[in-house]
S.K.: 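After the structure tokens below, expect a handful of questions from me.
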Amino acid sequence: MIQKVRGTRDFFGPEERLFCRIESATGRVFRRYGIQQVRTPIFEEAALFSRSIGEATDIVSKEMYTFADRKGRLLSLRPEGTASVVRFLVEEKIQVTDTLKLFYLGPMFRYERPQAGRYRQFHQFGIEYFGTPTAAADAEVISVGHALLQELGLSGHATLLINSLGCAACRPVFLDHLGVFLKDRAADLCEECRDRIDRNPLRCLDCKRDGCVHAYESSPKISESLCELCRRHDAEVKELLADAGLAFTARDRLVRGLDYYVRTVFEFVTAALGAQDAVIAGGRYDGLVAALGGPDLPAVGFAGGIERLIELMSKLPASSTPGAAGACSASVFFVCAEDRAARRRAFNLAERLRASQISTLLPLSDGKSFKSQFRAADKSGARVVVILGEEEAKTNSVSIKDLSRGEQQTVPESDLIPTLDRMGIPRDA
RNA sequence: GUGGCUAUAGCUCAGCGGCAGAGCACCUGACUGUGGCUCAGGGGGUCGCGGGUUCAAAUCCCGUUAGCCACCCCA
């Protein structure tokens with residue numbers, strides 16, 4: 001038996017429905033903010049990702065699916081969405097007059113050790129705002145994330161963490177201070193952190209080991225070395241969020257793994273998912289567009305993980321995931337006699353109901369008793385059963401049974417659809 | 001990439017050297033045209049895969065694949 005490759009998964013049943021709900025929610029919420037969708041390829045030249053995400057990051061250095069095609073071009077399956085969106089923007093010379101708002105949704109690929117909430121093919125949606133350096137843009141992006149969680153009934157299950165990483169002017173100063181501090185205290189730190197001092201000092205602050213957590217209590221704070229512009233920007237973002245009634249926690253130690261972030265970074269995290277706790281995360285990346293050969297456009301955005309949202313929603317009470325019962329929820333289920341004439345009539349009537357936007361199931365297999373057809377109808381979750389037996393055939397009528405009430409009536413065939421309408425059977429539900 | 005745990009029916013799991021099991025689900029039936037509840041019966045297994053130890057392996061050992069948990073990293 002061939003099984004699915006490690007770290008990939010199939011979505012079916014309740015999980016597939018949640019996937020679908022999340023996709024449609026992103027469309028609804030993002031369009032509410034005037035954000036346009038862009039669908040980019042899922043593979044690109046490898047260099048696009050190494051240049052944008054950062055050569056030294058884990059994603060680029062060890063997690064990319066990179067391969068040579070038949071002409072020897074080095075290609076990569078995309079590990080995230082932002083690089084492609086920026087490439088699109090630059091390549092197509094998209095005019096950005098005020099703010100350009102884009103969103104994407106689709107599969108991403110990273111060669112990581114799989115774990116719940118972490119897959120080798122996973123699905124992300126994300127938004128990117130280009131052309132606006134203002135705190136208002138940051139605040140709106142964060143608010144879009146919040147609105148989406150709210151749309152999914154998750155706003156009570158996620159906390160917003162926010163931080164500022166400073167800019168090209170003040171971050172180097174901070175990194176100097178931090179470097180001095182870390183080298184000073186190197187003896188107290190775990191092996192991982194000692195490795196990170198030169199490679200990725202910011203990450204040290206996020207270490208969870210007790211000794212390190214303790215050591216970092218006295219470390220220099222980013223917030224204290226922000227330049228005046230960054231400080232004002234950060235204060236304004238927080239002010240706008242507070243005005244909007246959006247609760248957040250300022251967390252000094254929040255950092256991001258991708259090189260391109262500046263100033264605002266944020267995460268919506270949940271307590272319900274274990275180690276993989278971020279469901280939506282993002283920040284500002286003002287230098288990236290220029291770094292990829294485009295105009296010097298400021299940008300801010302986020303990405304969200306669909307598998308993690310599905311997992312979170314699965315853990316919530318069933319009330320928040322309607323439509324979970326029944327393998328297929330058609331409104332009408334046909335039960336008919338064995339003879340060929342009855343089957344022809346059932347097939348024909350079922351097609352007429354479907355043409356009238358009434359979802360209808362028709363048993364396609366032979367040799368089923370009325371009893372088992374009724375059982376199947378019950379299990380399918382259908383509202384009504386339409387019966388075509390010998391009696392009905394003689395009088396050119398149909399019997400309609402309301403499964404929840406147990407009431408049954410026989411009407412002329414021409415009255416079938418009007419009767420279903422009267423019973424409140426929905427069209428196109 | 002590192003460490004730990006796990007793999008038995010469609011699902012959840014018990015069995016831990018001696019006949020392959022339970023609950024749920026599924027199918028059939030309970031006065032020949034009617035679901036749910038109840039009752040009776042039934043189908044379903046390469047015990048993840050490969051090797052080894054043993055008279056005998058689901059059970060013990062080694063390997064392998066996959067999943068889970070933590071680290072790492074991240075959505």
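The shown structure was predicted, so the numbers you read here are calculated from the model rather than taken from an experiment. Labels below follow one simple rule: chain letters A, B, ... track the order of the sequence lines, proteins then strands, and each chain is numbered from 1.
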S.K.: Can you tell which of rC71(B), rA66(B), rC68(B) lies closest to the side chain of Gln3(A)?
M.R.: rA66(B)
S.K.: Determine the interatomic distance between P on rC24(B) and the same-named atom on rG63(B); round to the nearest Å.
M.R.: 40 Å
S.K.: Using atom P of each nucleotide, how far apart are rC60(B) and rC19(B) to the nearest Å?
M.R.: 16 Å
S.K.: Measure from the side chain of Arg113(A), starting at C-beta and using heavy atoms only, and say which of rC74(B), rC71(B), rG3(B) lies closest.
M.R.: rG3(B)
S.K.: Across nucleotides 24-35 of chain B, 5' to 3', mark each nucleotide with B, S or - according to how protein heavy atoms within less than 4.0 Å reach it.
M.R.: --SSS----BBB
S.K.: For the P atoms, the ones on rC55(B) and on rG15(B), what distance do you get once it is rounded to whole angstrom?
M.R.: 27 Å
S.K.: Using a 4.0 Å heavy-atom cut-off across all strands, classify Phe268(A) as base, sugar-phosphate, or nothing.
M.R.: nothing
S.K.: In whole Å, measure the gap between the C1' atoms of rA25(B) and rC16(B) for me.
M.R.: 27 Å
S.K.: Donor-acceptor pairs are to be reported for all side-chain atoms of residues 381-393 of chain A against protein atoms at under 3.5 Å, with residues two or more places apart or in another chain.
M.R.:
residue: Arg383(A); atom: NH2; partner: Met423(A); partner atom: O; Å: 3.4
residue: Glu392(A); atom: OE1; partner: Gly389(A); partner atom: N; Å: 3.0
residue: Glu392(A); atom: OE2; partner: Ser399(A); partner atom: OG; Å: 2.5

S.K.: Can you tell me the Watson-Crick or wobble partner of rU34(B), both distances under 3.5 angstrom?
M.R.: none
S.K.: Suppose we screen for salt bridge (charged side-chain N to carboxylate O under 4.0 Å, His left out). Which residues come up paired with Arg87(A), at least two apart in sequence or across chains?
M.R.: Glu44(A), Glu91(A)
S.K.: Work out how far the C1' atom of rG52(B) is from that of rG44(B), and round it to whole angstrom.
M.R.: 32 Å
S.K.: Can you tell me the pairing partner of rG17(B) across any strand shown, Watson-Crick or G-U wobble, with both distances under 3.5 angstrom?
M.R.: none
S.K.: Scan every strand shown for a Watson-Crick or G-U wobble partner of rU54(B), both distances under 3.5 Å, and answer none if you come up empty.
M.R.: none
S.K.: Expressed in whole Å, how much space separates the P atoms belonging to rC5(B) and rC62(B)?
M.R.: 11 Å
S.K.: Pick the closest RNA chain B nucleotide for Tyr119(A) and for Gly274(A) by heavy atoms, then say which residue is nearer the 5' end.
M.R.: Gly274(A)
S.K.: When you compare rG50(B) with rA58(B), how far apart are their C1' atoms, in angstrom units rounded to a whole number?
M.R.: 16 Å
S.K.: Do Thr66(A) and Ser76(A) pair up side chain to side chain, a donor and an acceptor below 3.5 Å, judged on atom types alone?
M.R.: yes
S.K.: Would you name the heavy atoms of Leu292(A) and Arg51(A) that are closest together and state the gap between them?
M.R.: CD2-CB, 4.1 Å
S.K.: Whether the side chain of Arg118(A) and the base of rC72(B) hold a donor-acceptor pair under 3.5 Å is what I'd like checked.
M.R.: yes
S.K.: Suppose we define a pair by two distances each less than 3.5 Å, Watson-Crick or G-U wobble; what does rU6(B) pair with here?
M.R.: rA66(B)
S.K.: Let me check something: any side-chain donor-acceptor pairs from residues 139-158 of chain A under 3.5 Å, sequence neighbours excluded? List them with distances.
M.R.:
residue: Glu140(A); atom: OE2; partner: Lys101(A); partner atom: NZ; Å: 2.6
residue: Glu140(A); atom: OE2; partner: Tyr129(A); partner atom: OH; Å: 2.6
residue: Ser143(A); atom: OG; partner: Tyr33(A); partner atom: OH; Å: 2.9
residue: Glu151(A); atom: OE1; partner: Arg32(A); partner atom: NH2; Å: 3.0
residue: Glu151(A); atom: OE2; partner: Arg28(A); partner atom: NE; Å: 2.8
residue: Glu151(A); atom: OE2; partner: Arg28(A); partner atom: NH2; Å: 3.0

S.K.: Is Glu307(A) close to Arg9(A) at the side-chain level, that is, under 4.5 Å between some pair of heavy atoms?
M.R.: yes
S.K.: Rounded off to whole Å, could you give me the CD-to-P distance for the Glu267(A) and rC73(B) pair?
M.R.: 13 Å
S.K.: When you compare rC72(B) with rG3(B), how far apart are their C1' atoms, in angstrom units rounded to a whole number?
M.R.: 12 Å
S.K.: Under 3.5 Å for both donor-acceptor distances, Watson-Crick or wobble: does rG41(B) have a partner, and if so which one?
M.R.: rC27(B)
S.K.: For Ile306(A) and rA75(B), give me the distance from atom CD1 to atom C1', rounded to whole Å.
M.R.: 10 Å
S.K.: Round to a whole Å and report the spacing from CZ of Arg120(A) to C1' of rC74(B).
M.R.: 15 Å
S.K.: Rounded to the Å, how far apart are Ile127(A) CD1 and rA75(B) P?
M.R.: 14 Å
S.K.: Measure from CZ on Arg110(A) to P on rG1(B) and round the result to the nearest Å.
M.R.: 17 Å
S.K.: Before we go on, tell me: are the rings of Tyr104(A) and Phe125(A) under 6.0 Å apart, centre to centre?
M.R.: no
S.K.: In the structure I gave you, are the side-chain heavy atoms of His123(A) and Phe19(A) within less than 4.5 Å of one another anywhere?
M.R.: yes
S.K.: Could Arg120(A) and Tyr111(A) be counted as a cation-pi pair, given that NZ or CZ must be under 6.0 Å from the ring centre and within 45° of the axis?
M.R.: yes
S.K.: Only pairs at least two apart or in different chains count here, so list each salt bridge (Lys or Arg N to Asp or Glu O under 4.0 Å) that has a residue in residues 260-284 of chain A.
M.R.: Asp138(A)-Arg284(A), Arg256(A)-Glu267(A), Arg284(A)-Asp286(A)
S.K.: Let me know the distance between CG of Leu105(A) and P of rA75(B), rounded to the nearest Å.
M.R.: 16 Å
S.K.: Across all strands, who's sitting opposite rC74(B) as a Watson-Crick or G-U wobble pair, both distances under 3.5 Å?
M.R.: none
S.K.: Hey, does Ala377(A) reach any base, or is it just sugar-phosphate, or nothing, if we go heavy atoms under 4.0 Å?
M.R.: nothing
S.K.: So what does Gly126(A) hit on the nucleic acid, given a heavy-atom distance under 4.0 Å: a base, only sugar-phosphate, or nothing?
M.R.: nothing
S.K.: Quickly work out the Gln276(A) CD to rA70(B) C1' distance and round it to whole Å.
M.R.: 10 Å
S.K.: Rounding to a whole Å, what distance do you find between Glu112(A):CD and rC68(B):P?
M.R.: 13 Å
S.K.: Hey, can you pull the residues of residues 4-12 of chain A with a non-hydrogen atom under 4.0 angstrom from RNA chain B?
M.R.: Arg6(A), Gly7(A)
S.K.: With a non-hydrogen cut-off below 4.0 angstrom, is Gln373(A) in contact with a base, only sugar-phosphate, or nothing?
M.R.: nothing
S.K.: Do Gln115(A) and Gln276(A) have side-chain atoms, one donor and one acceptor, less than 3.5 Å apart?
M.R.: yes
S.K.: Taking the nucleotide of RNA chain B with the closest heavy atom to each, which residue, His123(A) or Ala116(A), is nearer the 5' end?
M.R.: Ala116(A)
S.K.: Is the closest side-chain heavy-atom distance between Leu100(A) and Leu102(A) below 4.5 Å?
M.R.: yes
